[in-house]
Amino acid sequence: MSGNHITERQIRLYMKLRENFTQEVAASKSSISVSTAGRIEGNRHQPKKDNRGWRTREDPLEAIWDSVVLPLLKQDANISPVGVFDHLCDAHSDKFSSSSRRTLERRIRKWRHLHGPAQDVMFMQHHELGKLGICDFTHIKSPVTIDGKTFKHMLFNYRLPASGWVYSHVIYGGESFAAFSNGLQNAFIKSEGVPQEVRTDSLSAAYKNNSCVEDFTASYQELISHYGFIATRNNTGIAHENGAIESSNRHIKSQVEQALKVRGSFDFNCRAEYESFVQNVTSRRNKRIAAQFGQEQRQLQTLPAHKSINYSQEYVRVTRTSTINVKRVMYTVPSRLVDSQIKVHVYDDHLDLFLGHELTYRLERVYTAGAKRKRSVNYKHVIDALVKKPGAFRCSQWRDELLPNEDYRTIWQYVEATMKADDASRYMVRILHLASKADNEMRLGRFITSQLSTSRLPSLFDCQERFCAKPKDIPQVNVMQHQLSQYQSLLQGGRHE
């Protein structure tokens with residue numbers, strides 16, 4: 001065609017077609033013009049010239065390439081073109097112009113392809129069904145909030161690379177053994193089987209990394225023995241050895257983020273709602289490979305009858321303030337447990353409190369960063385004691401944390417500003433006591449704040465009448481059922497037996 005060079009391939013194709021077709025047809029099939037076809041047959045066609053062997057302008061790197069750049073490239077194989085460029089601009093500005101940066105980068109790239117060291121190579125892997133499961137922790141950067149509060153969390157991501165099946169589990173703290181064990185066991189249960197091998201990176205929760213041998217922690221060794229898999233890990237600091245899970249990490253984070261954008265909100269009412277959201281994302285992804293997963297599922301090892309331990313254990317005493325301290329966090333507990341010795345099972349997302357061998361209470365786990373301390377206060381744990389001495393509320397160190405939500409903080413600000421100190425404390429404590437009754441907290445708070453909008457504070461009597469009224473007793477009526485034979489007497493001419 002006009003303006004394009006004729007290739008040797010086109011010429012050979014034309015000459016072959018010319019054996020069976022006219023000049024016009026052979027030229028058309030070879031994408032060349034008839035005049036070019038005539039020149040080819042008359043040996044007048046001039047083939048494309050080879051690339052020129054001379055420069056059209058002066059080499060801007062001639063003065064510094066052999067003497068400066070090459071020694072730097074040979075000295076350190078990892079030095080970047082930008083690092084070389086900065087050095088030339090600073091130390092050799094008399095011989096090198098900053099406008100030659102792209103020329104320098106192209107020359108360095110070409111030299112490394114021709115004379116540089118060997119590069120890392122990615123090797124495509126083939127995975128046998130049911131043989132390998134890979135898991136890892138990954139951070140979520142999307143601005144997820146729970147009830148308006150920033151929710152920092154991670155995902156435990158597990159994948160069967162042969163089929164591509166994935167399982168993701170929300171992690172509330174760090175890469176602890178409780179989080180790792182809970183996520184891995186839930187993945188086994190969800191997939192209804194155990195692979196022959198489980199591969200991780202060098203988790204400190206699973207491996208004794210200060211040892212030069214393959215040494216597991218006692219907890220991980222117990223988990224391995226319970227489920228009967230072989231534990232392996234990739235070399236420290238080489239993430240792409242776990243490429244099958246690293247790519248999955250990127251995909252699941254991207255899918256969660258896109259699903260959040262489609263949802264139109266990053267805020268969730270509670271942890272359970274967000275956990276369900278993440279599970280739905282992974283479930284939709286797994287539907288695409290349902291057939292492959294079905295084949296791999298048949299190759300997985302059978303699950304044991306019971307789960308292994310996925311918690312750590314601590315013994316604590318409940319203080320006179322009805323609190324316990326676990327992992328630098330102070331939790332309030334029901335006041336009936338004051339001065340008792342309790343056993344705490346510390347899971348990733350909750351704490352189970354045992355008195356002897358009996359589970360007596362469950363707390364939502366709270367995390368703190370570094371050496372900082374936190375408090376988790378629930379007014380329902382201490383309200384029965386506080387109602388006996390309401391004056392203690394006003395100066396309590398936990399006062400603001402005893403108020404369950406913004407409605408109650410608004411109520412306290414109002415009564416503190418409009419009532420005497422003792423009366424304000426007594427009113428607030430009585431309201432909290434009434435709120436602790438079943439299903440009263442949200443409704444009572446909204447009722448009082450709606451009344452405050454009209455500058456009217458409901459009395460305690462009004463609140464008790466509305467939210468604590470006892471249902472009237474319904475009298476019990478006993479009904480005797482007549483025998484069917486007695487209905488015969490109501491029929492005219494009926495027989496009496």
Side-chain angles (χ1 to χ4, degrees), residues 137 152-154 156 169-186 189 203-211 215-227 271-272 275 304-386 388 392 396-398 401-402 436:
F137 290 95
K152 293 183 179 180
H153 64 290
M154 303 170 66
F156 172 83
H169 183 86
V170 179
I171 301 298
Y172 299 97
E175 299 180 11
S176 65
F177 179 76
F180 170 69
S181 175
N182 193 40
L184 186 60
Q185 292 189 71
N186 286 343
I189 293 171
L203 292 171
S204 59
Y207 291 91
K208 298 178 181 178
N209 291 318
N210 58 349
S211 173
D215 199 4
F216 306 114
T217 61
S219 299
Y220 191 35
Q221 183 63 66
E222 183 179 346
L223 187 67
I224 293 170
S225 301
H226 185 77
Y227 283 95
R271 288 180 175 183
E275 290 175 2
H306 305 286
K307 292 179 69 174
S308 179
I309 293 175
N310 58 343
Y311 59 83
S312 59
Q313 185 171 283
E314 294 189 16
Y315 287 90
V316 296
R317 181 169 291 278
V318 181
T319 67
R320 294 296 303 274
T321 56
S322 193
T323 61
I324 59 173
N325 286 279
V326 178
K327 306 290 186 183
R328 301 187 306 281
V329 178
M330 185 205 76
Y331 298 86
T332 58
V333 299
S335 57
R336 65 177 183 272
L337 296 173
V338 166
D339 204 33
S340 64
Q341 181 84 9
I342 61 175
K343 178 173 61 177
V344 183
H345 288 178
V346 184
Y347 294 84
D348 175 61
D349 58 345
H350 69 275
L351 309 178
D352 280 346
L353 311 184
F354 288 83
L355 190 60
H357 296 288
E358 185 176 352
L359 175 63
T360 183
Y361 203 75
R362 174 168 290 180
L363 295 168
E364 186 177 276
R365 186 173 177 183
V366 174
Y367 284 88
T368 181
K372 295 181 179 179
R373 294 185 173 274
K374 271 190 177 182
R375 291 196 294 245
S376 174
V377 176
N378 188 335
Y379 75 98
K380 294 180 180 179
H381 295 159
V382 296
I383 192 61
D384 290 330
L386 190 59
K388 297 176 183 177
S396 172
Q397 295 180 0
W398 310 339
E401 294 160 282
L402 286 168
S436 67

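All values below were derived from every heavy atom in this structure, side-chain atoms included, with hydrogens, water molecules and symmetry-related copies excluded.
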In Å, rounded to the nearest 0.5 Å, how long is the span from [atom1] of [X] to [atom2] of [Y]?
X: N186; Y: F156; atom1: CG; atom2: CZ; answer: 9.0 Å
X: R375; Y: T368; atom1: CZ; atom2: OG1; answer: 12.0 Å
X: Q185; Y: I309; atom1: CD; atom2: CD1; answer: 9.5 Å
X: S340; Y: R317; atom1: OG; atom2: CZ; answer: 7.5 Å
X: K343; Y: Q313; atom1: NZ; atom2: CD; answer: 5.0 Å
X: T332; Y: L363; atom1: OG1; atom2: CG; answer: 7.5 Å

Test item: R271 and V170 side chains (from C-beta on) under 4.5 Å apart, heavy atoms: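 No, side chains not in contact.
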Closest contact, heavy atoms only, [X] versus [Y]:
X: L402; Y: L386; answer: CD1-CD2, 4.3 Å
X: T323; Y: W398; answer: CG2-CH2, 3.4 Å
X: V382; Y: S322; answer: CG1-CB, 4.0 Å
X: Y220; Y: F180; answer: CE1-CE2, 3.5 Å
X: R365; Y: V346; answer: NH1-CG1, 3.4 Å
X: K307; Y: H226; answer: C-NE2, 3.6 Å

Pairs involving residues 363-385, ordered by first then second residue, that meet ring pair (Phe, Tyr, Trp, His ring centres under 6.0 Å) (sequence neighbours left out):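 For residues 363-385, and leaving out neighbouring residues, the ring pair (Phe, Tyr, Trp, His ring centres under 6.0 Å) pairs sorted by first residue read Y361-H381.
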List for me each residue that meets ring pair (Phe, Tyr, Trp, His ring centres under 6.0 Å) alongside Y331, sequence neighbours excluded, and say none if there are none.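 If we apply the ring pair (Phe, Tyr, Trp, His ring centres under 6.0 Å) test to Y331, skipping adjacent residues, there are no hits.
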Hey, can you pull the donor-acceptor pairs under 3.5 Å for the side chains in residues 351-360, sequence neighbours left out?
unit_1 : atom_1 : unit_2 : atom_2 : d
D352   : OD1    : R362   : NE     : 2.6
D352   : OD1    : R362   : NH2    : 3.3
D352   : OD2    : R362   : NH2    : 3.1

Do side-chain atoms of [X] reach the backbone of [Y] as a donor and acceptor pair under 3.5 angstrom?
X: S436; Y: K380; result: no
X: E222; Y: S308; result: no
X: H169; Y: L184; result: no
X: N182; Y: A178; result: no

Plane angle bin for H350 and Y347 - parallel if under 30°, tilted between 30 and 60°, otherwise perpendicular: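 Correct class here is parallel.
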